[in-house]
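Here the structure is a predicted model, which means the values were calculated and not measured. Here is how names work: the chains are called A, B, and so on, in the same order as the sequence lines, proteins then strands, and each is numbered from 1.
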Number of protein chains: 2
Amino acid sequence: MVDEMSPIPFYVQLADLLAKQIEEGKLKPRQPLPSEATLQQEYGVARGTVRSAVRLLRDRGLVVTFTGRGTFVAEKRP
Amino acid sequence: MVDEMSPIPFYVQLADLLAKQIEEGKLKPRQPLPSEATLQQEYGVARGTVRSAVRLLRDRGLVVTFTGRGTFVAEKRP
DNA sequence: GCGGATTTGTACGTATGTATG
DNA sequence: GCATACATACGTACAAATCCG
């Protein structure tokens, strides 16, 4: 769950949690992230918050998203 | 863009800009306005500012808004 | 090919918190 | 105190793309 008391926005906290899982290899390249609906339930936040978090990861190049398919861990860059 | 130096609030400036486009026929009856997100980017203001501007136009009867669909130029009144 | 389910995309409604003048 | 402006966060609704039986 995200920390209600932290001054850090939920969507930033969530992005950091997901980024950590990617960096630790718990989520591997080409592997799908949980769907927005799943993340929403798992972390107890609204869908918009999930989308903000994933947008951050996308901006950092950590994930790629396809409409109707999902969001996947990006390939490592050479 | 809105004028930073003007004493007129951003949202009033923006409402006037949009009203002018409607009156000049650049935006025609039943035609959708740009989304709040688009106006936000185009005019370099926050969403709340866009919403304040659109609320003014709605109060003047120039536009009608539908949740999840958008804001449209109102039909001419007989 | 079709219909339904899933997933992401877009759009608006509302509330709250912070900061500034 | 009040109005303006921005950011965050919740919700609803519907569209678009994809997947599967």
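At a cut-off of 3.5 angstrom, counting only N and O atoms as typed in the model, there is a donor on one side and an acceptor on the other between the side-chain of A:R47 and the base of C:dG9.
Considering only the side chain of B:T49, D:dC6 comes nearest among D:dA9, C:dG9, D:dC6. For B:E36, the side-chain atoms get nearest to C:dC12 when compared with the rest of C:dC12, D:dG11, C:dT8. Distance from the side chain of A:T67 is smallest to C:dT8 among D:dC6, C:dG13, C:dT8. The side chain of A:Y11 lies closest to D:dA9 when the candidates are C:dG9, D:dA9, D:dC10. The side chain of A:R58 lies closest to C:dG9, out of C:dG9, D:dA9, D:dC6.
Applying side chain to side chain contact (heavy atoms under 4.5 Å, CB included) to B:V50 and the options B:L14, B:L18, B:L33 leaves one that passes, B:L14.
Sequence order on DNA chain D of the closest nucleotides to A:Q13 and A:R69 puts A:Q13 first from the 5' end. Between B:G48 and A:F66, the residue anchored nearer the 5' end of DNA chain D, judged by the nucleotide with its closest heavy atom, is B:G48.
Looking at heavy-atom distances under 4.0 Å, A:G70 makes contact with sugar-phosphate atoms alone, never a base. Among the atoms of the strands shown, none is found under 4.0 Å from any heavy atom of A:S52. Residue-level contact check: A:V45 touches the backbone only, with heavy atoms under 4.0 Å from sugar-phosphate atoms and none from bases.
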CA sep, side-chain torsions, deciding dist, call: B:Y43, B:T49, side-chain contact (heavy atoms from CB on, under 4.5 Å): CA-CA 10 Å; B:Y43 293 95; B:T49 304; over 6 Å; no

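Put simply, A:R51 has a side-chain N or O that comes within less than 4.0 Å of OP1 or OP2 on C:dG9. Residue B:S35 places at least one side-chain N or O under 4.0 Å from the OP1 or OP2 atom of C:dA11.
Shown here for B:A53 and B:Y11, the closest heavy-atom pair between the two residues is CB-O, 3.3 Å.
One atom, CD1 of A:I8, and another, C1' of D:dA7, lie 16 Å apart when rounded to the nearest Å. Here D:dC6 presents its C1' atom at 15 Å from CG of B:L14, a figure rounded to the nearest Å. Going from atom CZ of A:R55 over to atom C1' of D:dA9 covers 13 Å, rounded to whole Å. As rounded to whole Å, 16 Å separates atom P of D:dA9 from atom OH of A:Y43. Put simply, CD on B:Q41 is 13 Å from C1' on C:dT10, counting in whole angstrom units. What separates CG of B:L33 from C1' of C:dC12 is a distance of 13 Å, to the nearest Å. The CZ atom of B:F10 sits 14 Å away from the C1' atom of D:dA3 (whole-angstrom rounding).
Cluster membership check: A:L17 shares its hydrophobic cluster with A:V63, using side-chain heavy-atom separations under 4.5 Å among Ile, Leu, Val, Met, Phe, Trp and Tyr.
Applying the salt bridge (charged side-chain N to carboxylate O under 4.0 Å, His left out) criterion to B:K26, with sequence neighbours excluded, gives B:E24.
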